[in-house]
Amino acid sequence: ADTVVVADGCVLEKPADAAGAAAMLSSLSGRSHQVCTGVSFIYGPQIAPPTGTAAGVPEPLPHEHSFVEVTTVDFCDLSSEVSASPSAAGNPPPAPARTAPPPVCF
């Protein structure tokens, strides 16, 4: 499973640092955005079935099921103190710094 946040048609990447987290919270303050969670799983007798059994009968193929749930989230207006310091508001610190790809816009 994976989750992304979409605002104004753009996928928002996870912030690399506290300043990025503050900017993201500020951009979402007082607005609606979408949270999309995609799930995909494979189940069945085997993940990689052989081409056939000893009797020449094909093995049953595994099943795959995928879906996406989209939820609209309405953010209240955040005070500048909260958006400037997410950890002070009781939120966990952002993920470790990494190079983020450019936003994906629809």
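Everything quoted here is computed from the prediction, not taken from an experiment.
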Identify the heavy atoms of [X] and [Y] that sit nearest to each other, and give their distance.
{"X": "Ser40", "Y": "Ser66", "value": "OG-OG, 2.7 Å"}
{"X": "Leu28", "Y": "Ala7", "value": "CD2-CB, 4.0 Å"}
{"X": "Val6", "Y": "His33", "value": "O-CB, 3.4 Å"}
{"X": "Pro15", "Y": "Gly20", "value": "CB-C, 3.4 Å"}
{"X": "Met24", "Y": "Glu13", "value": "CE-O, 2.9 Å"}

Margin query: According to salt bridge (Lys or Arg N to Asp or Glu O under 4.0 Å), does anything in residues 67-76 pair up with another residue at least two apart or in another chain? List the pairs.
Written below: none
Check: Is Val70 linked to Val11 within one hydrophobic cluster, defined over Ile, Leu, Val, Met, Phe, Trp and Tyr using a side-chain heavy-atom separation of less than 4.5 Å?
Finding: no
Note to self: Tell me whether Leu78 shares a hydrophobic cluster with Val35, the cluster being built from Ile, Leu, Val, Met, Phe, Trp, Tyr side chains joined at under 4.5 Å.
What the structure shows: yes
Next item on the list: Scan Asp2, Thr71, Thr3 and name whichever one has a side-chain contact (heavy atoms from CB on, under 4.5 Å) with Thr37.
Entry: Thr3
Item checked: Expected output: side-chain Asp17 to main-chain Ala19 donor-acceptor under 3.5 Å -> yes
Margin query: Are the side chains of Arg31 and Phe75 in contact, using a 4.5 Å heavy-atom criterion?
Written below: no
Check: Can you say whether the rings of Phe41 and His65 are parallel (under 30°), tilted (30 to 60°) or perpendicular (over 60°)?
Finding: tilted
Item checked: Distance (rounded to the nearest 0.5 Å) between Leu12 CG and Ser27 OG -> 6.0 Å
